[in-house]
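Step one of this worksheet: look at the structure below.
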Protein chains: 2
Amino acid sequence: MKGKATSFDIAYRAGVSQATVSRALRGSPLVNEETRRRIEAIARELHYTVDKNASNLRRQRSGTLALLLFEDPTSDGSLINPFFLSMLGAITRASARQGHDLLISFQQLSHDWHADYHDSHKADGLILLGYGDYLASRGKLERLEEQGTPFVRWGAVDDGQPGIAIGCDNAGGGRAITEHLLRLGRRRIAFLGDASPHCPEFLDRYRGHCAALAAAGQTSDQALQIDAADSTEEVGYTATLGLLDAGTAFDAIFAASDLLAIGAMRALGERGRRVPDEIAVVGFDDIPLARLASPPLTTLLQDTKIAGEMLVDTLLRQIRGETVHNQVLPAQLVIRRSCGTGRAAEDGPPDPAA
Amino acid sequence: MKGKATSFDIAYRAGVSQATVSRALRGSPLVNEETRRRIEAIARELHYTVDKNASNLRRQRSGTLALLLFEDPTSDGSLINPFFLSMLGAITRASARQGHDLLISFQQLSHDWHADYHDSHKADGLILLGYGDYLASRGKLERLEEQGTPFVRWGAVDDGQPGIAIGCDNAGGGRAITEHLLRLGRRRIAFLGDASPHCPEFLDRYRGHCAALAAAGQTSDQALQIDAADSTEEVGYTATLGLLDAGTAFDAIFAASDLLAIGAMRALGERGRRVPDEIAVVGFDDIPLARLASPPLTTLLQDTKIAGEMLVDTLLRQIRGETVHNQVLPAQLVIRRSCGTGRAAEDGPPDPAA
DNA sequence: CTGAAAGCGCTTACAG
DNA sequence: CTGAAAGCGCTTACAG
C-alpha cells in the first residue's frame, strides 16, 4: 500500500465512513476527539497524505502560487541577476510559510504564459518578477486582469500599468544616493542606466538623481546619462568605457544596478582610474557581490525578505478577494568604500584587493 | 465564462461529446481532422485550458517535478550558494523543456519532506540539491526508495547512498587542480574544505588532491588540510586566517569551493599576502563571481546546464519505469589569474582591482 | 457527531 | 471515428 493509501482505506480500518476521515484530517471541529485521534493514528501508520489533485479539484483551488521570472533574453543560459535570485529565495520561503507550494518558471515576455497557470488551476495566482520592457508587457497584464487572474508584480509602482505592484522607493533611493555623493564633494555624477519609460524603475532612480541635483542648485548634464539597456556587468563595463572614451569629465558614477556598477569598476580599473579616489561609484540593490567587490560597493539595500513576504501576502489576500493596494518599500543606503569618504580626492591609498 | 470553460462547454458548441473534445485536445489520432480543427478553434475562442487537477487525478500523475534545495541552516535568510542557484536555473529550464512544471522548496534535512510530494501526487519525482550532511540524510533517502518515490540527487556518486546520483568528477577535478599547481611550481598546497564522509564531494576533491601529490612523489601534510564546515565566503575567510596564524608555511590554497576561495583571498589580502605571487588560490564550481574576483579566480567549471538536463532527464526516465544509472560529469579547469603563471614567485606586479 | 450521496472536470476502456 | 459510462480521490451540503 506504499504511498497509495486512500481515505477509504483509513475509513475501513477505523470503522467509520470516508467522509469522517476527510473531516478528521482537515481538522473539522465536527469530529469526535477520540475518533479523530484514531483516524490520525491510522493515517500516520499508513503514511497517508491527502491526494492534492483530488482535493484541489473538489475545492477548486490549487494551494499553489506561480513565480514567473522574466529574464533578459540576451543573458546567458544560467545567469540571472542576483537580485532576482535573492527575491526568489525570499518568495519561496514566504510562500512555504503561508502553506502554499510554489511553481517557478522562466518566461519570455513574448510567450503565452498569461493564459495558462490560472485557467488550468495549476496556480491560484501569479507573481511577476524581472526587469522587462514594461511597455511591451502591458497587453498581457491587461488580459490577466480581464480574466480575473490574481497577480502581483515587483517593479515600478504607480506607473499606470494594470494590476497591483510592489516595489522599492526608487525615486527616494536615487535621491539619497546623489545627495550622498554631493555631500562627499562630487560634482560631475554620471548616471548609468536606461532612463526611459521602457524601464520605469531605472527611470525613477534617475528622476530621484535629478531631483537631488536640482535641490543642490545643479542641473543634470545630458552627456552624463548613459543608457544601459540591460542590467549586466558586461553592459556596465562597455558603457563606462564609452563614457571614458567620450572624454566627458566626471568624478562619480551612479549605476542603476549593482551589476552595472561592478562592470563600471572593472572598466575604470582597466583604464587606471582609481575608485573611489578619482571616481566614486555607487550601485543599487545590494546583491551579495556588492560587499565582496573591490573596493566594496556603496549601494542601496532593497530588503528582499520583506519584499518577498509582501508579494506573497498581497497575492494571497487578493486571492481571498480582499482589496489590496500598491506598496512602496523603503530602500536603505549602505555605505561602503567605493564612494569614498569625503576627504579631498587624489590622496587616498589605492585599495588592496578584496 | 472567463477562465471557467470546461470540455462540456466546448462539446456543446461543437456538437460533439465531451469525450471527443478530450481526445481532440490531447492529440489523439482517433479524432477526425476536421472535427479536431473545429474543437481547437472553439477552445481557443473560449480561452480553454485543461484543468490540471482533474486531468492529473484521472491520469494519476502530476506532470510536475519538485526541486528540493537543502540549504545550510546557518546561512542568512536569502543567501544560497550561487552554484546551486545556477543549477536551479538549469533545472527549471530543462524541466520546462520537457513539459513539466517545477515546484521549488527549501528544506531542512530534518524535516518530513520525504513523505510529502510524491504521496500527495504533488510531484511525480524529486530532485535533491545541496551540500548537506550526507550521513544524516541517509535514513530519509532509504525511505524514499522504500516508498518507491522516484528521485535523483546532485552530489557525490558511488558513495553508497541510496538512489541515483549525478555529480561531477570531483576526484578528477581535484587531481587536475593540484597537478596544475604543482606544474606551476607550488609545493606547499593547503586544502580548504571538510574532508570527511559527511561531505563526500569535498572528500573526493581532497582525494584527487592527494592522488596528484602522491603521483608527484609528495606526501600530503595533515597540517595543510583545514576543515571548513560550510561552503561560505565567511568560513573561507576565517579558516584562512587560522591557517596564517598557525604559522604553517604554504604557497597555494586549493579551496573546495569558489566561495571558500573568495573568502580565502580576502583574508590573504587583509594580511598583505599577495595573490598569486606569494600564494596561489584555486576554487571549485566556477560561479559567476569567480570571473569577477580580484584577481580572477582559477577554478573548476561544473557545467550546470548539462547537469540540470541530466538530472531532469534521468528523473523522467526513472518515472517512466526505465532503468537509470549514476552518472559522472567531467569538470573542466578554467585558468585565470589567481593561480599565477608559473614564473618565479615574488616578482609579479600586484593585481589591480577588478 | 456521523453517513450517504453528489460532484469537481477530466481520461479512457468498452461498445458501436 | 464517436459516444455513453465509469471512475480518479477527495470535500461538503444535506439529512439524521
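Note on naming: letters A, B, ... go to the chains in the order of the sequence lines (proteins, then strands), and numbering restarts at 1 for each one. Because only heavy atoms are used, hydrogens play no part in the values below, and waters and symmetry mates are left out as well, while side chains stay in. Everything numeric in this text was worked out from a predicted model, so none of it was measured.
The pair Arg13(A)-Asp9(A) fails the salt-bridge criterion, with no side-chain N (NZ, NE, NH1 or NH2) lying under 4.0 Å from an Asp/Glu carboxylate O.
Listed by residue number, the members of residues 51-62 of chain B with any heavy atom below 4.0 angstrom from DNA chain D are Leu57(B), Arg58(B), Gln60(B).
Base-pair partner of dT2(C): dA15(D) (Watson-Crick or G-U wobble, both distances under 3.5 Å).
A distance-only check finds no donor-acceptor pair linking the side chain of Asp119(B) to the backbone of Thr49(A) [under 3.5 Å]. With hydrogens and angles disregarded, no donor-acceptor distance shorter than 3.5 Å links the side chain of Thr35(A) to the backbone of Val31(A). Side-chain atoms of Glu145(A) come within 3.5 Å of backbone atoms of Gly163(A) as a donor-acceptor pair (strictly under, hydrogens ignored). A distance-only check finds a donor-acceptor pair linking the side chain of Asp124(A) to the backbone of Gly63(A) [under 3.5 Å].
With P as the reference atom, dG9(D) and dA13(D) are 23 Å apart, rounded to whole Å. Across the P atoms, dC10(D) and dC14(D) are found 23 Å apart, a figure rounded to whole Å.
Contact annotation: Thr35(B) reaches the phosphate of dT2(D) (side-chain N/O to OP1 or OP2, under 4.0 Å). A sub-4.0 Å separation between OP1 or OP2 of dT11(C) and a side-chain N or O of Ser22(B) is present. Considering only side-chain N and O atoms, Ser17(A) lies nowhere under 4.0 angstrom from the phosphate OP1 or OP2 of dT2(C). Within the structure, a side-chain polar atom (N or O) of Tyr48(B) is placed less than 4.0 Å from OP1 or OP2 of dC10(C).
Across the protein-nucleic acid pair, Phe8(B) atom CZ and dC8(C) atom P stand 9 Å apart, rounded to whole Å. Per the geometry, CZ belonging to Arg37(A) stands 12 Å off P belonging to dC1(C), to the nearest Å. Rounded to an integer number of Å, the gap from CG of Leu30(B) to C1' of dA15(C) is 14 Å. The interatomic distance linking Arg26(A) (CZ) with dG9(D) (C1') rounds to 13 Å, in whole Å. Atom CD1 of Ile39(B) and atom P of dT11(C) are 12 Å apart (whole Å). The CG-C1' distance, from Asp119(B) to dC8(D), rounds to 17 Å in whole Å. Atom CD of Gln18(B) and atom C1' of dG3(D) are 10 Å apart (whole Å). Rounding to whole angstrom units, NE2 of residue His121(A) and P of dC8(D) are separated by 22 Å.
Contacts of Ser7(A) with the nucleic acid, taken as non-hydrogen atoms under 4.0 Å apart, involve only primed sugar atoms and P, OP1 or OP2. Residue contacts for Arg23(A): at a heavy-atom cut-off of 4.0 Å it reaches a base atom on one of the strands shown.
Thr92(A) and Ser95(A) share no donor-acceptor pair across their side chains, judged by distance under 3.5 Å alone. Using modelled atom types and a 3.5 Å distance limit, the side chains of Tyr48(A) and Thr6(A) yield no donor-acceptor pair.
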